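Everything numeric in this text was worked out from a predicted model, so none of it was measured. Each ligand, and each atom within it, is numbered from 1 in the order the structure gives.
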Amino acid sequence: MKRLALSLLCLVAGGASAQAIKLNQVGFLPQAQKLAVAAQGVGEFEILKADGKTAFRGTAGAALRWEPSGESVRVLDFSALTRPGTYRIRIAGLPLSDPFTVNADGYRALNSAALKAFYFNRSAIALEPQHAGPWARPAGHPDDKVVVHASAASASRPAGTVLSSPKGWYDAGDYNKYVVNSGISTYTLLAAFEHFPAFFRQDIGIPESGDGIPDILDEAMWNLEWMLTMQDPQDGGVYHKLTNLRFDGIVMPHAASTTPRYVVAKGTAAALDFAATMATASRVLAPYDSKWPGMSARMLAAAQAAWRWAEAHPGVVFKNPQDVVTGEYGDATLGDEFAWAAAELFIATGDGRYAAALMKHDAPLSTPSWGNVAALGWMSLAHHRARLAPGLDRDLVARRIDGLAAHLAGAWRSSGYRLAMRPGDFVWGSNAVVLNQGMMLLQAYRLKPEPDYLRAAQSSLDYVLGRNPTGLSFVTGIGARPFRHPHHRPSMADGVEAPVPGWLSGGPNPGQQDAKECPPYPSKLPALSYIDHDCSYAANEVAINWNAPLVYVSAALSVLTPSTMTQETTVSLDALLREEQLLQFDRFDRDTATALGAALVARARSASRPVTVEIRQGDEVLFAQAMPGASPNHADWIRRKNNMVKRTGHSSFYTHNEVRQAGGDHDKLPGLDMRDYAAHGGAYPIVVRGRGAVGTVTASGLPGADDHALVVAALKDHLKIGEQP
Ligand code: G3I
Ligand code: 9MR
């Protein structure tokens with residue numbers, strides 16, 4: 001404790017961090033790229049196991065200057081260390097590094113904490129000890145009686161009208177609720193679930209845990225319900241924020257001022273961010289209609305009404321009314337908000353007018369932020385692109401995303417710290433810029449598995465977890481050396497020594513807008529403009545839009561980092577063909593299908609993965625089952641993978657690898673309409689010896705290699721074939 005306090009003092013006073021070797025203090029998945037950073041001059045390094053024995057030796061790379069911190073540093077690459085364990089790095093003459101782990105589920109605790117941070121910022125609900133531990137607190141800000149501010153007055157709701165607008169998350173270290181920032185935050189959580197549903201099956205300990213709905217959706221719903229109340233039912237317009245006139249003091253939520261809270265002015269950005277988020281939620285929540293009856297349809301209607309308002313009021317830029325001094329989230333550039341809302345509404349409705357609106361605002365992409373949201377729409381389009389043709393040019397979707405990722409990866413490759421961040425990227429909330437860059441790199445990786453995209457995204461997470469010039473983990477409660485003093489009212493006022501866990505610091509910000517109110521910053525350089533002090537709202541606040549990409553990136557890396565099994569380089573086409581010879585039947589009929597189906601379901605259940613499985617003989621479905629949480633999209637994937645197997649006679653995983661190993665694009669096969677074919681793993685031919693192919697057995701819902709592995713495992717179970725050496 002003392003040592004930590006001292007090193008923080010050094011930081012505040014402008015001294016160098018005690019940590020000479022900077023690394024991700026949580027660690028790495030076994031097959032991930034693993035980098036640390038050390039000072040110029042360092043040469044050989046060793047990785048020590050927990051017992052002190054050497055597990056790996058390496059030599060640092062060439063020294064490179066990193067402009068954002070003015071340092072010259074050398075990268076230590078120990079990617080070849082893949083064995084799970086706890087390690088430290090040793091360099092002669094330097095203190096040992098912080099410990100890190102190599103672990104296949106290494107980001108689980110981080111991800112759960114980052115998601116749970118949203119729960120800790122819920123308004124209008126008491127946090128009970130069984131969920132909140134030492135950070136339990138009474139309910140604050142019920143917001144069941146908020147006042148229509150003069151700036152928001154309309155004929156049906158004149159100034160002074162009282163509304164109910166409860167729930168929602170506090171934005172950040174303050175207690176106000178802002179639609180614009182809620183939009184990107186909620187969307188990012190919904191996207192994390194939409195892209196990686198199986199990862200989110202574990203409960204995180206919130207009041208709704210165990211209700212049969214993934215916690216991430218319950219958590220998102222807490223804010224979505226609030227957002228719905230921010231729409232004026234009369235005209236579809238959306239109030240920009242629900243706020244005090246001025247910031248609350250540094251007190252707990254229940255002790256905050258009792259002066260009225262207001263809904264303030266409608267605006268175009270709020271309407272469009274609301275429309276995009278509601279359209280997204282309507283589609284992601286559609287399978288949960290029995291839990292939330294009518295909600296999905298209500299959200300889509302709300303999204304469309306907000307869009308109509310925005311079309312009728314295309315240039316209403318929000319500015320704080322004179323008597324309101326809380327967060328502004330003002331944004332005068334609205335084309336990106338139009339593009340995002342149009343993209344989500346197009347996916348939700350298939351209506352070509354939205355595609356046209358999207359193209360009207362088309363532009364090269366940049367890393368998303370609360371004020372620059374176009375990339376979010378393209379990220380959704382990429383996820384749904386297979387269904388969108390011919391309404392949309394699928395190549396354009398890929399080009400837009402790949403263009404951004406290629407640019408980021410280029411900056412990453414040549415950077416001293418191996419980070420895509422350039423000096424100008426260090427704005428207020430720079431840590432979220434880092435993670436949103438990672439999120440976009442991962443979108444490109446999902447479209448085209450270019451290993452550098454994954455590596456650069458890994459570097460984004462590494463940076464916020466300690467591979468940065470401060471040597472701190474920028475997530476409260478995570479890592480050996482986490483920052484401890486967020487500008488976060490509950491953390492400051494609760495009397496608990498440790499800050500509320502799971503929160504990402506805004507991070508280095510050379511704007512230093514709080515300099516007058518804080519001890520001196522150690523440097524003016526972008527990446528060193530940081531103090532771990534709770535006065536610092538410009539560099540050390542927390543915010544929902546900064547935590548959301550931490551949830552996304554930690555989940556995505558957990559799912560997308562190849563496991564040993566799915567590593568492309570280890571897939572041998574010959575071995576796959578041999579396996580197809582082995583996994584054949586002597587006879588196949590309805591009973592066989594039922595038994596094989598049971599084996600598949602048992603496999604899927606024990607892996608607790610929300611897949612859909614199907615067995616066909618010819619075109620007749622003999623068995624089909626969807627696990628809880630499976631997506632309705634699976635049916636279409638199954639159809640397209642089956643077509644591929646019927647055409648080639650081989651597993652769709654074989655075709656996937658055959659195409660890729662020949663340098664082709666498995667999503668673009670010459671002569672095939674990819675709306676009807678998919679070269680992704682998961683469909684397997686059912687071959688009866690002496691008769692040939694009679695049908696297919698298919699799984700959908702996991703990465704292709706994992707769908708394939710699930711089917712193969714079930715076939716082996718059923719055919720009683722043991723693991724091959
Ligand atoms: O975009 C420009 C960039 O072009 C320019 O080079 C750079 C130079 O400083 O500034 C950039 O704008 C900055 C912008 O953030 C970037 O997103 C502004 O200077 C900076 O003042 C602005 O800060 C915003 C801050 O509120 C003050 O308005 C943050 O984005 C925003 O995250 C933050 O949000 C606050 C809420 O208002 C209230 N609740 C807490 C929350 C987090 O601190
Ligand atoms: O606490 C406020 C924080 O949430 C905002 O992001 C920040 C910028 O708008 O403002 C903080 O409030 C400060 C105010 O702006 C200036 N005086 C000190 C306040 C915090 O102590």
Does the gap between the ring centers of Tyr119 and Trp169 come in under 6.0 Å?
no
Taking atom types as modelled, find out whether Tyr537 and Glu517 have a side-chain donor-acceptor pair closer than 3.5 angstrom.
yes
Under 4.0 Å from ligand 1 - residues by heavy atom, chain and number
Asp171, Ala172, Asp174, Tyr178, Gly327, Glu328, Tyr329, Trp370, Trp428, Gln513, Glu541, Trp546
Member of Trp428, Phe426, Tyr521, Phe474 meeting the ring-ring contact (aromatic ring centres under 6.0 Å, His included) criterion with Tyr530:
Phe474
Please check if any side-chain donor atom of Ser123 sits under 3.5 Å from a side-chain acceptor atom of Lys177, or the reverse.
yes
Got a sec, which pairs hit salt bridge (charged side-chain N to carboxylate O under 4.0 Å, His left out) with one end in residues 422-445, sequence neighbours left out?
Arg422-Asp425
With sequence neighbours left out, the residues meeting side-chain contact (heavy atoms from CB on, under 4.5 Å) with Ser112 are Arg108, Ile204
Output field: ring centroids Phe196/Tyr552 closer than 6.0 Å
yes
Glu67, CD: over 12 other non-hydrogen atoms inside 6.0 angstrom:
no
What I want to check is whether the side chains of Glu219 and Asn223 have a donor and an acceptor closer together than 3.5 Å.
no
Strictly under 4.0 angstrom, heavy-atom based: which residues surround ligand 2?
Asp174, Phe247, Trp428, His487, Arg489, Glu517, Tyr537, Glu541
